[in-house]
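One structure is given below, encoded as structure tokens.
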Amino acid sequence: MPELPEVETIRAQLAPLLEGRCFQRVSILDTRLTRPHDPREVAAELDGEDVAALERRGKYLVVRFRTGRSLLIHLRMTGSLHHAPVGTLEVDPYRRAVVTLDNGSDVAYRDVRRFGTWLLLEPGELESYLGVKVGPEPLGSEFTTRFLRGRLTARKAPLKAALLDQRTVAGLGNIYVDEALWLARLHPLRAAGTATPEEVRAVHRGVRRALQTGIARQGATLRDYRTPDGGSGSMQDEFKVYGRAGEPCPRCGTPIEKTRAGGRGTWYCPACQRR
DNA sequence: AGGTGGACCCGAACGC
DNA sequence: TGCGTTCGGGTCCACC
């Protein structure tokens, strides 16, 4: 479940290894990865591209090439990237692609459940593509309390569903939404449009706090998530509510409860986060 | 139009 | 022990 903090950690670690390097040889091992495009054609198009920058938008990893093209990588649930010297990659039945760089190293893409996607965009296509998919960066200046209020008012969907909508704010997933709502002391099933300006402000703060903590801890390693050097994150040790049903709320001691919101397993404190 | 639920995928956890 | 069943999660899409 790579969410914004996990993708950002991957980006930060991989950027100095990729920037200025050339994709010498690309092999795509899973036909699903580039659907609906032919993986052999995409691999051939990527061969020889020079990396200008590695960026992130929401949960998307964006490889920007000197040609102006960009490769949009979405890890979905179980995608991960691993960097290693050429010839040292171990056999992995879940490897879906390998990029050999021009400095004698490989970047291997692994994805157990095969939900992840690689999309090659031509120059100029990136902005319009992302524009319809994702809202503002939660840690950027465009994500203001005012903007969030505009996105939440008149919405009847549960607060959690509204925050999982990537157009409300980019990068939140199941884990960080629960953590953010606990910080904001708001019930995940509360209708989004009923939040007062003061409560929206608390959500705004909670979202930022949860994500900043996640980045500082290099993400949460529950099962599949690894940093490109094979390391783990430690955010799982900081979870206040996620996955902690029955355990005491760190704020008031009331046992954490589990419910369902937006079709997802949802954890909250029934005392701190009243409906 | 906005909201909801199923499909996609597959290992892990669970139930008998 | 060994099997079958259920679960979960991000996003898209069909349906209300």
Side-chain angles (χ1 to χ4, degrees), chain A residues 1-8 10 28-37 39 56-62 72-81 91-97 109-119 121 129-135 137-138 149-181 188-195 207 210-211 214 219-226 233 235-236 239 241-246 257-268:
Chain A
M1 309 130 231
E3 303 178 30
L4 187 150
E6 288 75 22
V7 179
E8 176 56 25
I10 292 167
I28 294 172
L29 312 165
D30 178 9
T31 52
R32 281 192 57 89
L33 190 58
T34 56
R35 274 198 324 186
H37 307 290
R56 180 193 56 70
R57 265 298 266 129
K59 303 175 195 172
Y60 289 93
L61 209 48
V62 184
L72 217 48
I73 297 178
H74 200 300
L75 305 170
R76 294 293 175 97
M77 297 177 53
T78 53
S80 67
L81 290 160
V91 174
D92 178 2
Y94 304 113
R95 182 163 301 138
R96 310 300 183 194
Y109 175 71
R110 170 188 165 93
D111 188 357
V112 173
R113 293 192 191 168
R114 302 166 66 209
F115 276 11
T117 51
W118 283 22
L119 178 63
L121 294 174
Y129 183 88
L130 288 175
V132 297
K133 302 271 186 195
V134 297
E137 281 296 314
R149 198 186 315 141
R151 289 291 312 187
L152 297 182
T153 49
R155 282 198 72 161
K156 290 180 177 166
L159 211 35
K160 174 155 180 177
L163 291 172
L164 284 173
D165 181 344
Q166 299 298 294
R167 288 163 306 182
T168 301
V169 58
L172 288 172
N174 204 36
I175 292 174
Y176 291 93
V177 166
D178 281 5
E179 296 296 306
L181 288 174
L189 287 173
R190 176 88 174 272
T194 67
V207 165
L211 293 174
T221 297
L222 293 177
R223 179 159 301 132
D224 300 279
Y225 166 71
R226 286 278 183 279
M235 182 62 187
Q236 65 280 3
F239 289 166
V241 287
Y242 183 85
R244 305 186 66 114
E257 286 183 9
K258 182 181 183 184
T259 181
R260 255 187 126 63
R264 301 272 116 71
T266 298
W267 290 267
Y268 68 102

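What's counted below: heavy atoms across the whole structure, side chains too, no hydrogens, waters or symmetry copies. In the text below, chain A, chain B and the rest are named by the order of the sequence lines, each starting its count at 1.
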Distance, rounded to the nearest Å, where [X] contributes [atom1] and [N] contributes [atom2]:
X	N	atom1	atom2	value
His74(A)	dG9(C)	NE2	P	15 Å
Arg155(A)	dG3(B)	CZ	C1'	8 Å
Asp165(A)	dG10(C)	CG	P	13 Å
Tyr225(A)	dG10(C)	OH	P	15 Å
Asp178(A)	dG8(C)	CG	C1'	13 Å
Met77(A)	dC12(C)	CE	C1'	15 Å
Arg223(A)	dC10(B)	CZ	C1'	11 Å

Measuring to OP1 and OP2 of [N], would you say a side-chain N or O of [X] lies under 4.0 angstrom away?
X	N	value
Tyr94(A)	dG11(B)	yes
Tyr242(A)	dG9(C)	yes
Lys156(A)	dA1(B)	no
Gln166(A)	dG10(C)	no
Arg76(A)	dG9(C)	no

Quick one: label [X] by what it contacts on the DNA or RNA (base, sugar-phosphate, nothing), any heavy atom closer than 4.0 Å.
X	result
Gly263(A)	nothing
Lys258(A)	sugar-phosphate
Arg260(A)	sugar-phosphate
Pro158(A)	sugar-phosphate

Inset, instruction - Rounding to 10 degrees, work out the angle separating the end axes of the helix from dG2(B)-dC16(C) to dC16(B)-dG2(C) (five pairs an end). - result: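 Inter-axis angle at the termini of the helix from dG2(B)-dC16(C) to dC16(B)-dG2(C): 60°.
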Inset, instruction - Go through dC12(C), dG10(C), dC10(B) for me and flag the one nearest to the Lys133(A) side chain. - result: dC12(C)
Inset, instruction - Would you please indicate yes or no on a ring centroid separation below 6.0 angstrom for Phe239(A) and Trp267(A)? - result: no
Legend entry - Base of dG8(C) paired with side chain of Arg113(A) (donor-acceptor, under 3.5 Å):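 Indeed, a donor on one side and an acceptor on the other fall under 3.5 Å apart.
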Inset, instruction - Specify the residue among Ala161(A) and Arg264(A) whose closest nucleotide of DNA chain B lies further upstream toward the 5′ end. - result: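 Nearest-nucleotide comparison on DNA chain B picks Ala161(A).
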